[in-house]
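Throughout, numbering of the chain's residues begins at 1 and tracks the sequence. On a predicted model such as this, the values are computed, not experimentally measured, just so you know.
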Amino acid sequence: MLSIHAYVYFSLMGILILLSCWTSLEVQARTQRMRQLRLHNAESNKDECDGRRIFMYDLPPEYNSELVQKCRYEVTSWLNFCPHVENGGLGQVHGLPPTGLPPNSLPPQDTSYVGLQASSEQGGESGYLGPGWYKTDPYMLEVVFHSRMQKYPCLTADSSRADALYFPYYVGVDALRYLYNASVQRDSHGEALAAWIGNNAQEEWRRFGGKDHFMVFGRTAWDFYLLGNETHTLWGTGFFHNPQLTNMTALIMEKKPWMPHEWAIPYLTSFHPSAAELESWISRVKKSERTSLLSFAGASRSNIPQSIRNFLLDQCSRSSNCTLINCAVLKCSHNPEPIMKAFLHSTFCLQPRGDTPTRRSAFDSMIAGCIPVFFHNDSAYSQYLWHLPGEPASYSVFISEKEIREGLVVEDVLRSLPEERIQRMRETVISNIPRLVYASNNGEFEDAFDVSVQNVLSRIARLKREDT
């Protein structure tokens with residue numbers, strides 16, 4: 001039996017052990033609370049613009065705003081593109097009559113507008129598409145990008161803090177002067193910008209040799225290279241022949257796949273939704289009844305007998321399961337309604353090469369939930385690496401041009417595909433719609449603009465790391 005002294009001793013030892021354990025647990029809890037508090041404070045103080053700051057040059061107005069003001073037959077004598085520069089380059093709201101006037105002008109009747117007039121006979125503007133739709137011209141990409149960039153939340157006025165620097169030059173609009181005016185030296189395009197950089201942005205440019213700069217090009221790359229020989233230029237301007245200007249990243253609607261400074265971003269479609277309009281549209285696309293197996297919107301190339309378009313037009317016109325939108329008869333450019341009606345009710349949409357490998361119709365089809373059928377690798381797969389799924393077969397069908405010219409019937413190929421695969425492809429196409437449209441406002445959802453900016457920032461960050 002323990003003595004009273006031993007009992008007291010062991011009791012005290014037990015109390016001391018309990019106090020020690022309690023103290024240890026309290027210290028651990030306090031340490032954990034302090035760690036959480038530090039993490040919370042670090043998160044609260046986190047710079048949301050870290051790695052995202054963009055400096056936008058204040059270029060002279062002749063590089064942007066003056067070009068827009070000269071939209072009525074002044075940039076080039078045969079073209080009035082004033083309707084297309086409205087609403088920050090989105091164009092006129094679909095359903096409203098055209099004006100054809102320069103910005104801020106009074107609206108008298110203009111009969112020169114080249115878009116499709118509202119007409120029940122030509123599938124005109126009935127309101128079928130709903131809100132968020134415009135009469136958008138794809139060549140206004142530079143204007144739309146600049147408009148969105150002006151509202152970008154991480155713009156900085158300090159070029160030394162910028163992660164990337166942006167030139168808001170409407171280079172594709174300005175290219176009209178060189179492409180369609182024999183009195184202007186085509187090879188001089190870009191010389192004025194290079195001189196402006198030398199006089200006004202030498203310090204910023206010298207930092208990384210221009211590799212941290214980027215520009216948007218609202219035409220295909222082929223328009224900025226001289227095509228021809230030493231005595232006669234058939235097409236193009238000399239912009240990309242200036243080695244200084246090819247140091248910066250070119251965000252362009254179609255690139256030359258082998259040119260490392262060019263990165264393709266989606267064509268402008270006519271759909272520029274808010275988040276609510278996008279949600280409503282996607283719901284509609286999912287429910288749309290696909291009554292036509294395939295469709296094709298385009299015109300023949302009568303001057304190119306072996307054009308793949310001619311073969312597909314012939315096949316489509318002979319099939320009762322193909323919807324044909326003949327753009328030689330129906331003006332397809334600036335009225336999205338007849339095209340989208342066809343695409344909404346088609347399972348597959350044929351997307352052959354046109355004047356160049358890519359075409360806006362590919363993006364029109366995908367935002368309608370119509371699975372694109374491509375016939376050339378450069379029509380999508382080598383182009384839109386930032387915006388399209390990495391596995392082409394997950395969202396599209398590929399048939400080679402050679403097979404079509406040898407007599408392969410597209411409809412036979414499409415009919416052989418399992419329904420389960422078709423359903424998976426359509427689901428992938430629909431899930432990717434937000435990344436292909438340019439929204440009407442910044443920040444409501446991740447759209448083509450956001451994806452482009454995120455990726456150009458990542459690309460420039462990599463180039464800067466490699467340069468140091």
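- At most 12 non-hydrogen atoms from other residues, nucleotides or ligands lie less than 6.0 angstrom from OH of Tyr139.
- In summary, the side chains of Thr358 and Ser379 do not present any donor paired with an acceptor at a separation below 3.5 Å, with no hydrogens or angles considered.
- Ring orientation note: the planes of Phe240 and Tyr225 are tilted relative to one another, at an angle of 30° to 60°.
- In terms of heavy-atom proximity, Glu191 sits nearest to Asp187 at OE2-O, 3.9 Å.
- Contact between Ser396 and Tyr381 at its shortest, heavy atoms only, is OG-OH, 2.7 Å.
- Checking Asn335 against His94 by side-chain atom types alone, a donor-acceptor pair falls below 3.5 Å.
- Side-chain contact, His387 with Ser452: a donor N or O sits under 3.5 Å from an acceptor N or O.
- Checking Gln69 against Glu74 by side-chain atom types alone, no donor-acceptor pair falls below 3.5 Å.
- Aromatic ring orientation, Phe363 versus Tyr384: perpendicular (interplanar angle above 60°, classes split at 30° and 60°).
- Checked by atom type, the side-chain pair Tyr57/His213 shows a donor-acceptor distance below 3.5 Å.
- When the shell of 6.0 Å around CD of Glu289 is examined, it contains 12 or fewer heavy atoms from other residues, nucleotides or ligands.
- In summary, the side chains of Glu277 and Ser280 do not present any donor paired with an acceptor at a separation below 3.5 Å, with no hydrogens or angles considered.
- Checked against Gln423 for a side chain to side chain donor-acceptor pair (under 3.5 Å), the options Glu427, Glu419, Glu420, Arg421 give a single hit: Glu427.
- Side-chain contact of Ser346 with Ser295: a donor-acceptor pair under 3.5 Å is present, judged by distance alone.
- Note: Phe239 and Phe224 have perpendicular aromatic rings, judged against thresholds of 30 and 60 degrees for the angle between ring planes.
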